[in-house]
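Reading through the C-alpha cells given below for one structure.
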Amino acid sequence: MTEPENRPTNFLRTIIDADIAAGKHGGKVVTRFPPEPNGYLHIGHAKSICLNFGLARDYRGRCHLRFDDTNPVKEDVEYIDSIKEDIRWLGFNWGEHLYHAADYFGQLYDWAEKLIAAGKAYVCDLNADEIRHTRGTFTEPGRDSPFRGRSVEQNLDLFRRMRAGEFDDGAKTLRAKIDMASPNVNMRDPVMYRIRKTSHHRSGDAWCIYPSYDWAHGQSDAIEGITHSICTLEFEDHRPLYEWFLEQLALPHRPTQYEFARLGLNYTVMSKRMLIELVKDGHVRGWDDPRMLTIAGLRRRGVTPEAIRAFCDKVGVARANSTVDMGMLEACVRDVLDPKVRRVMVVHDPLRVVIENVAESAVEETLAPFFPDDPPRMGARNVPFSCIIYIEREDFMEEPPKKFFRLAPGREVRLRWSYVMKCVGVVKDEKTGAIVELRATIDPETRGANPKDGRKIGGAIHWVSAAHAVPVEVRLYDRLFTVPNPAGAKDGTDFKAYLNPASLVTLSGALGESSLKAAVAGERYQFERKGFYFVDPIDAKPGAPVFNRIVSLRDSWAKAAQDAQQPTSGGRRERRGSSNAPR
RNA sequence: UGGGGCGUCGCCAAAUGGUAAGGCCGUGGACUCUGGAUCCACCAUCUGGGGGUUCGAAUCCCUCCGCCCCAGCCA
C-alpha cells in the first residue's frame, strides 16, 4: 500500500520502508522542498520536487514548501511567485504547508543564545579573509580564533549587540565552537550568523544578522517535523554539522538528512550561473525561452507536466553522479503526447505542385480524422484539395537513392487523405537550376481507395491545397549546445563557445492546412511526419498562429539517410542519441 | 594532499549472499494512407581491475585503479 506499482524503487524508499517498519517517527513521512528564492526553477529542481512530493504522496505523508530565504542580498520576492507557479504547474500541492526559513529567525536566535550559554558558540571578530586563513587546508588543521575563549557573558553581550546593529557588516560573526582540527573543514567552527544590514524580502528590517544555511536548515527541519530531509550529494559533508546542531539543541524531533545525485543532462547546462549568463547576454530570449530547461522554458515550449513527471520517474534516484541522455526526455514527451494530440498537416518548406488532370475550378473536400488510430475519439476536419498544392520540398528527389519511397520523376506517392499522385514534370529556374515547381497527375480512382490494379504505393506524404493553405510561423527548436558537456571543456573553453547556432530556426514560409485557422494558443498538435507542436501562448495572434516544435517525431528515414551518407569508416561510429535536428 | 562519496549494457537504473529487472538508445522483423504509433524478437556468461572467504559473491574481506564533492560571513 505504501509502494505504488510501476514506480521504480530507490534507496530512499528502502530507507523509508525500514523506518516505517521500525516505527520511527510514528510511521510518518514528512519531506520538504526547500528552494532559495534566488532564481528560476529548472528540470533539476523538478527531479527534487517529484521526489519529495512523490514520497509524501506515496507514503501518505506531507511535503512542505519551504523557502530557504536566509540570505537577503541574493533573494527576491519575484522568485517566490515563479517558484510557486512552477510547482503547481508541475502538479504538486503543498496545501497549507508553506513556510519560510525567515519566519524562524526568532526561534533560531533564541537557540543561538542557548548554544552560547552552553559554551558551544562564540562571537568572532575575524573578518572573512582572516577566517579563511585560519581555517587551515585539507592537509593542515586550522588555528583557533583568538576570540574563541571569550566568556559566555561576553559572547552573549556581543551577540545581542550584533543583533542590535552596533557593528558593521562583516565586523563580527557568531561561530559554532566545534573543532578547528577536524578533518572535515565544515566542522572547523562554521559561521552561524553574519551581519547584513540589508532588508529582507520577508522580515523587512527586523534583523541585521542572518543565519547561515547550516545553522538554519536542520533546525527548520526540526521545527516543521520533517522526517526525511533530502538534499543533493554536495551536502554530504555537511551532515555531521547538521547532526551536531540537532544534538546540542536536543530538540524533541530529530530529522535525518539523506543525499541523492542531482540531475545532469547532456547537451545543456544546468547551473544557475550559466543559465543567468545565457539570459543576460541575450543568447536566449529569456528565462522562458523554449530552449531553456527551466520549468518556464519547458512550459513555453509545450512540454507537459505529465511528461516531466514521467521523465523524473524514469530517471530514478540514486547516489551515483550521472548524466541522462536528452533523448530520454524527448522520449517521455513523445510518449505522453502521442495518444492525446490531434494530427494535422503542415508543409514546412513548400514546393509547388500543379496537378494537370484536375480542373482549375475544382475543390474537393475530404473528412479526415484528427486521430487516425482511433477516429471517433477526436473528430474530423475537412481537408480541401485543388489543382495546385504544396508538398514538402524534401519529399521530392530528382535522383532518389535506393530506399527513398517518396516522390520522384515518374514515380507515385499517396497524398495523405487524398489521391495517389504521379510526378510527370519538373520545372526549374533557368538561371539557378533550382526546382521551382512540379507537374503531376492524380489517379482519380484512388481517393480513399487503393489502386484497382493492385500496385503498391510506397509512401504517403503530407500536403496542403494552395488556395486554402494558412500561412503559419513555425519555430524549430533544437538542443542549445553542440557538445554533450558544454560546461566541462578540459581546456577551459567557455561553455558559450558550444552554443548551437541552429538551436532556433524560424520558418516563415510554412503553410498549414485550413483547419489551423482555428488554432488556439496553448493547443498542441502533431504535424504528421514532422513532430509535436505547441501554439505559442504569447506570440500567437488570432488567425496568425505561431507554433513551437516541442519535439520531432522519431525518424528512421533520416537515420538511414545519414548512415548511408557517412558509412561506418573503420568502425567506431559515434552512437547517436535520438535526433531532434531540423531537417 | 586530509575528509566525504561513487563505480552494474552506449545512457539512466534494479538486484541487500542463491546464480544480472526495467527504461532510453540500437538491431532485425510484422503491420501501416504518418519512414509516426503499435506488435514480436534480439541487445551484460557478467557487475572498474586483481586477489580472498563461501557449496554459492554485483552483494562479504583485502588490495589496486578511476571519477565526483569540500578549504563562502552562498545554498
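Just so you know, these numbers come straight off a predicted model, no measurement behind them. Here is the naming used below: chain letters follow the sequence lines, and residue numbers restart at 1 for every chain.
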Below 4.0 angstrom, N of the basic side chain to O of the carboxylate: do A:Asp125 and A:Arg150 qualify? yes
Rounded P spacing from B:U16 to B:G36 in Å: 39 Å
Roughly how many Å apart are B:U19 and B:U34, using the P atom of each and rounding to a whole number? 46 Å
Taking only the C1' atom of each, what is the distance from B:U54 to B:C68 in whole angstrom? 34 Å
Rounding to an integer number of angstrom, what distance separates B:G48 and B:A14 when you compare their P atoms? 15 Å
Determine the interplanar angle of the A:Tyr40 and A:Tyr79 rings, folded into 0 to 90°, and report it as parallel if under 30°, tilted if 30 to 60°, perpendicular if over 60°. perpendicular
Answer yes or no: is there an ion pair linking A:Arg239 with A:Glu259, defined by an N-O contact shorter than 4.0 Å? yes
Any donor-acceptor pair under 3.5 Å joining the side chain of A:His133 to the base of B:A71? no
Just call it for A:Arg135: base, sugar-phosphate, or nothing, with non-hydrogen atoms closer than 4.0 Å on any strand. sugar-phosphate
Without decimals, in angstroms, what is the distance between A:Asp237 CG and B:C6 P? 12 Å
Between B:A15 and B:A30, how far apart are the two C1' atoms, rounded to whole Å? 34 Å
Under 4.0 Å between a side-chain N or O of A:Arg194 and OP1 or OP2 of B:G72? no
A:Asp373 (side chain) and B:G36 (base): donor-acceptor pair under 3.5 Å: yes
Under-3.5 Å donor-acceptor pair between A:Arg554 side chain and B:G35 base: no
Can you figure out which of B:C73, B:C11, B:C25 approaches the side chain of A:Ala331 most closely? B:C25
